[in-house]
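Sequential numbering from 1 along the given sequence is applied to the chain's residues. Computation of the quantities below employed the complete heavy-atom set of this structure, encompassing side-chain atoms and omitting hydrogens, waters and symmetry-equivalent molecules. Atoms within each ligand, like the ligands themselves, are counted from 1 in listed order.
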Amino acid sequence: MAMPRWTVHGYAIVSADDRIADADGSMPDALRNEADWRMFQSELDRMDAIALGRRSHEATPNRHGRTRIVLSSSLPALERRADGWWWNPSGMATGDMLATVLPEGGAVAVPGGRDVFDLFLGFGFSSFHLSRADRAHLPGGVAVFGACDRGMPAEEVLRASGLAPEQPVILDAENSVSLTVFLPTNPARQAAPASL
Ligand SMILES: NC(=O)c1ccc[n+]([C@@H]2O[C@H](COP(=O)([O-])OP(=O)(O)OC[C@H]3O[C@@H](n4cnc5c(N)ncnc54)[C@H](OP(=O)(O)O)[C@@H]3O)[C@@H](O)[C@H]2O)c1
């Protein structure tokens, strides 16, 4: 029998200064883009589960009934609830959580926020879709990765985690929104074995 394997795929739309939200912690209109949303939704359609922070879960209705993994510190480890799996990474390692939620393996989307991106950087992304709204500047806003607050550009954070950028694609020329997909430089990282 083949070992269960999972791939983990990150999705973020950031401002020119690598922010996913403004200084109030809200996602401004400057980061909302129709073409990016369509790309994101079509990616979610091919995923087996979506791992997201508790606030994002509560803010976005699950209209398509997708399997959600909700990160929260409010529970001991992992619980199956009516609205999805709730998971506290301090109580259960990522590999153990995946082995329970997706025992046959599968693809997991990670749409953030920042602490959720940081956590999965440590596990290892199989791809990261970094959309950028070049005209948006959000000084003092929430960074896509914690390291960005320490002066590291998002692209460098991704490179340091073993990913390299593909050629950027223009998603919306009128609004200067582009997409860069980062993929592992080591192809063995495309899927993570259950032992990780
Ligand atoms: N531009 C983008 O692509 C993008 C992507 C995502 C979010 N956003 C925006 O960014 C803003 C900030 O997001 P946010 O940080 O408020 O929301 P969030 O990441 O959706 O939720 C934060 C909550 O998730 C839980 N959590 C996250 N990491 C955890 C960990 N390692 N262990 C345990 N629990 C963990 C905690 O829940 P408990 O409090 O229950 O412990 C935490 O309070 C929002 O406005 C959102 O819309 C933008």
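Among all protein heavy atoms, the one lying closest to atom 28 (N) of ligand 1 is Asp115 CB, 3.5 Å. With respect to atom 47 (O) of ligand 1, the closest heavy atom belonging to the protein is Met27 CB, 3.7 Å. Atom 20 (O) of ligand 1 has Ser56 OG, 2.4 Å as its closest protein atom, hydrogens excluded (heavy atom only). Among protein heavy atoms, atom 32 (N) of ligand 1 sits closest to Pro89 CD, 3.4 Å. Residue, atom and distance of the protein heavy atom nearest to atom 25 (C) of ligand 1 are Leu71 O, 3.1 Å. Here the heavy atom of the protein found nearest to atom 27 (C) of ligand 1 is Val116 CG2, 3.7 Å. Taking atom 40 (O) of ligand 1 as the reference point, the nearest protein heavy-atom neighbour is Ser72 OG, 2.6 Å.
Considering backbone and side-chain N/O of Ile20, one or more are found under 3.5 Å from N/O of ligand 1. Backbone and side-chain nitrogen or oxygen atoms of Ser74 are examined, and none is located within less than 3.5 angstrom of a nitrogen or oxygen of ligand 1. Not a single N or O atom of Tyr11, backbone or side chain, sits closer than 3.5 Å to an N or O atom of ligand 1. Where the criterion is an N or O separation shorter than 3.5 Å, residue side chain and backbone included, Arg55 meets it with respect to ligand 1. Checked by distance only, ligand 1 and His57 stay at 3.5 Å or farther apart across all their nitrogen or oxygen atoms. Residue Arg114 has no N or O atom closer than 3.5 Å to an N or O atom of ligand 1. For ligand 1, the polar-atom distance check finds an N/O of Ile13 within less than 3.5 Å of one of the ligand's N/O atoms.
Counting Ile, Leu, Val, Met, Phe, Trp and Tyr side chains that sit under 4.5 Å apart, directly or through other members, Val169 stands alone, with no cluster partners.
Using a non-hydrogen distance threshold of 4.0 Å, Leu52 does not register as a contact of ligand 1.
Contacts with ligand 1 closer than 4.0 Å are made by backbone heavy atoms (N, CA, C, O) of Ser26 only, the side chain lying farther away. When non-hydrogen atoms are compared, ligand 1 lies under 4.0 Å from neither the backbone nor the side chain of Val142. Under 4.0 angstrom from ligand 1, the non-hydrogen atoms of Pro111 all belong to its backbone.
For atom 39 (O) of ligand 1, the nearest non-hydrogen atom from the set His129, Glu58, Arg54 comes from Arg54. Looking at Gly113, Ala136, Gly25 and measuring to atom 12 (C) of ligand 1, the nearest heavy atom belongs to Gly25.
In terms of heavy atoms, Ile20 sits closest to Arg114 at CD1-N, 3.7 Å.
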Residues Phe128, Phe120; criterion ring pair (Phe, Tyr, Trp, His ring centres under 6.0 Å); working and verdict
CA-CA 11 Å; Phe128 199 99; Phe120 279 98; over 10 Å; no
Starting from the C-alpha separation in whole Å, work towards a yes-or-no answer on side-chain contact (heavy atoms from CB on, under 4.5 Å) for Leu171 and Arg132.
CA-CA 9 Å; Leu171 289 179; Arg132 192 177 292 279; over 6 Å; no
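If you look at Phe125 and Tyr11, their ring centroids are not closer than 6.0 Å.
In summary, the side chains of Ser26 and Asp24 do not present any donor paired with an acceptor at a separation below 3.5 Å, with no hydrogens or angles considered. Ser131 and His129 form no side-chain donor-acceptor contact under 3.5 Å, judged by distance and modelled atom types alone. In this structure, a donor-acceptor pair under 3.5 Å is present between the side chains of Asp83 and His57.
Taking a 6.0 Å sphere around CD of Glu174, one finds it holds 12 or fewer heavy atoms contributed by other residues, nucleotides or ligands.
Atom numbering of ligand 1 starts at 1 in the shown order; those under 4.0 Å from a heavy atom of Ala12 are 3 (O).
Partner Leu31 forms a side-chain contact (heavy atoms from CB on, under 4.5 Å) with one of Val177, Leu138, Val14 and no other, that one being Leu138.
Closer than 4.0 Å to atom 23 (C) of ligand 1 lies at least one heavy atom of the protein. Under the 4.0 angstrom criterion, atom 42 (C) of ligand 1 counts as lacking any protein heavy-atom contact.
Listed by first and then second residue, the side chain to side chain donor-acceptor pair (under 3.5 Å) pairs involving residues 133-146 are Arg135-Ser176 (not counting sequence neighbours).
The CG atom of Leu102 lies 11.5 Å from the CE atom of Met47; values are rounded to the nearest 0.5 Å.
Side-chain contact between Trp85 and Val70 is absent, with no heavy-atom pair separated by less than 4.5 Å.
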